[in-house]
Amino acid sequence: MVLSESTPSLSDLPPDILLYILQFCDLLTHVNLVTVCITFNVLSQQRGYWINALRNARLNRPIACPLREDLLKHDLQSLKRITFHTLRLERNWSSPEPQVHGPIKAVMLGLPVLDVIFQVPGTALYVLHSRSTGTIAAWDIDLGRRVTPEIRISRRVLDVSPGQDELGKFSMGLLTSGAPNNELLVICLEYGKADVNLSVILRYTLKPNMFNWAVFMTTGYVGVLQCRFEEIINGEGTTVDIVALNLSSKNATTIQTDIPREMFAHNEGQSGTSISNRDLFILVEWKDESHLFRCPKKYLPHDDNPDCPSTSSLKCLNPSFSHKWTHPGVAEYTDTEGALSADEFYGVPAVSLHRITAPRLDSEGDVEPDLTHKIQIRFWTKPEPDPGNEKSPPHLIPRHSVNIPGLLQDSPDSSWQLMLLPHSGRKVLLVVYYESEICLKLIHFDPEEGISFVQQVTLPPFINVEEVYGLSLDDHLGVISLLDTKGVLYAIPYA
């Protein structure tokens, strides 16, 4: 068909109509339209063109700035920089072999070695913990130095919650070891253009002689699971309690459940906690079975529940959810390596890792004397309404699993395993031992499509992966951080 001179073109549409159409376009389309149409080129000279594009993009995946950062405060060049950094990282991390992009920062943290408690996504700020002194402090890796005074907490951090990312601050719940009581802490890093401040905003002493694990946290409350230590040792039947505190009032509540401790069990399974729509979900992983228990929001001490009682009872067993995972081939046994939690914003509040051992088969299908090992990673996504059963309680969705040949490499000098789930929950970083080699693996998960792909990350020759004892991953800026036993932190950019 030949267009006549009177046929309107895209450039004839009013700017407000064009901006409306752009709401349905992804970030790359915004960039491409600038080069093919004069009208869009003119629109791209306005900050609103890029602000709208980045706002829409960050609803689906991390962009190259903190999650809650106010895009209205950025000038035109800064908005373009965020856009092109985000697209450059997506292109690099979708390639078979992602390449380092830019200089690697090597920061001497010193000895004894430090552990990463968290890194604020989209920034160069890290909170590091010293096991030798029992202190935490914030470091700016761009500056290569500590930027806050040290704060004494404990020599041993037993568990951490997913971080809470707010405008200008990042908080996390910590479970620390004490004698005779463990402590539940909330630490908060506040940052801006002027200064950085690290503080402990809550410190709660837990009951003595209790076994505590699986810290959870929202912007309104923090909590942990517990059961009596003596009953575990003596083999007596005991059930699991949920302990939670409101961050503003500091009021505590204990929710007594009917979940038997044996389900968490045998010291070989793993369990974790995740928050979705303010409900608390307890995920118990044992071999190829997953069990999920829900604590509804009405039992928890959030700000909209001021009358939350100090003690309550909850039946979790009857409305529980279970799922059995399948394995290709014949699995001899499955051990759980860990149950990890993330913020629910990007739809992946929980991920678990498992070691699968199976007999090795020769080319004719006969069993060989040695065994093969795989790491299975299971991704859980946010609850979805069940149109067929409105009365069915919500539960996390067992969305996808992927197997990686090899074993999870043991850390040479750390209280943490060499596996990491970033704040978004959409990626997993692992150090893997396979066929006499140690390598770094990066798993990308797309919750919308329910698919994943695995990359092997090639490191420069001056970084010895065998000496790596700590990991961090910022999937906003695309920086992998590795800590080695010599006290050096390497920040490796991929965009």
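Counting only distance, with no hydrogens or angles, the side chain of S274 and the backbone of S341 share no donor-acceptor pair below 3.5 Å. Side-chain atoms of D165 do not come within 3.5 Å of backbone N or O of F170 as any donor-acceptor pair. A donor-acceptor pair under 3.5 Å links the side-chain atoms of Q119 to the main chain of T123, judged by distance alone. Counting only distance, with no hydrogens or angles, the side chain of D446 and the backbone of I451 share no donor-acceptor pair below 3.5 Å. Listed for the Y49 side chain is a donor-acceptor partner under 3.5 Å among the backbone atoms of H30.
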| task | For side-chain hydrogen bond (donor to acceptor under 3.5 Å, both in side chains), just list the numbers for R378 and H354, CA-CA rounded to whole Å, side-chain angles, deciding distance to a tenth of an Å, and then say yes or no. | result | CA-CA 8 Å; R378 304 172 184 173; H354 308 260; 3.3 Å; yes
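Remark: Y346 pairs with no residue by the ring pair (Phe, Tyr, Trp, His ring centres under 6.0 Å) rule, at least two apart or across chains. Looking at residues two or more places apart in sequence or on another chain, you find no side chain to side chain donor-acceptor pair (under 3.5 Å) involving R47. Under the rule for a salt bridge (Lys or Arg N to Asp or Glu O under 4.0 Å), K73 has no partner lying at least two apart in sequence or in another chain. F84 is linked by a ring pair (Phe, Tyr, Trp, His ring centres under 6.0 Å) to nothing, counting only residues two or more places apart in sequence or in another chain. Legend: residues meeting side chain to side chain donor-acceptor pair (under 3.5 Å) with D142, ordered by chain and number and at least two apart, are K105. Evaluation of the side chain to side chain donor-acceptor pair (under 3.5 Å) rule for S424 yields D475 as partners, not counting sequence neighbours. The side chain to side chain donor-acceptor pair (under 3.5 Å) search around S401 returns none, not counting sequence neighbours. Shown here are the ring pair (Phe, Tyr, Trp, His ring centres under 6.0 Å) partners of F216, two or more places apart in sequence or in another chain: there are none.
Geometric assessment of R261 against the ring of W213 yields a positive cation-pi assignment under the 6.0 Å and 45° thresholds.
In this structure, a donor-acceptor pair under 3.5 Å is present between the side chains of S481 and Y126. A donor-acceptor contact under 3.5 angstrom links the side chains of N403 and Q376, judged on distance only. Under 3.5 Å, the side chains of H85 and T83 contain no donor-acceptor pair of N or O atoms. Checking N246 against N251 by side-chain atom types alone, no donor-acceptor pair falls below 3.5 Å. Between the side chains of S290 and E285, at least one donor N or O sits under 3.5 Å from an acceptor N or O. One side chain, E69 or H74, offers a donor N or O that lies under 3.5 Å from an acceptor on the other.
Listed by first then second residue, pairs satisfying salt bridge (Lys or Arg N to Asp or Glu O under 4.0 Å) with a partner in residues 195-213 read E183-R203, not counting sequence neighbours. Applying the salt bridge (Lys or Arg N to Asp or Glu O under 4.0 Å) test to pairs two or more places apart or on separate chains, those with a residue in residues 294-306 are R278-D304, D279-R294, D279-K297. Pairs passing the salt bridge (Lys or Arg N to Asp or Glu O under 4.0 Å) check and including a residue from residues 242-260, sequence neighbours excluded, do not occur.
Interatomic distance, CD of Q226 versus CG of L184, reported as 10.5 Å (0.5 Å rounding). In this structure, the separation between OG1 on T273 and CD1 on I282 is 7.5 Å, given to the nearest 0.5 Å. The line from OG of S472 to CG of L489 is 7.5 Å long, rounded to the nearest 0.5 Å.
Relative orientation of the Y494 and W93 rings is tilted, given thresholds of 30° and 60° on the angle between their planes.
In summary, the aromatic rings of F321 and H291 are positioned with their centroids too far apart to meet the 6.0 Å limit. For F293 and F281, the ring centers sit 6.0 Å or farther from each other.
The side-chain heavy atoms of F445 and I377, taken from C-beta on, include no pair separated by under 4.5 Å.
Partner M217 forms a side chain to side chain contact (heavy atoms under 4.5 Å, CB included) with one of L174, V222, V224 and no other, that one being V222. The only member of K427, H400, R399 that meets side chain to side chain donor-acceptor pair (under 3.5 Å) when paired with S452 is H400.
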Would you be so kind as to tabulate the donor-acceptor pairs closer than 3.5 Å made by side chains of residues 308-319, with sequence neighbours excluded?
none

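Remark: R68 does not engage E166 in a salt bridge, criterion side-chain N to carboxylate O under 4.0 Å.
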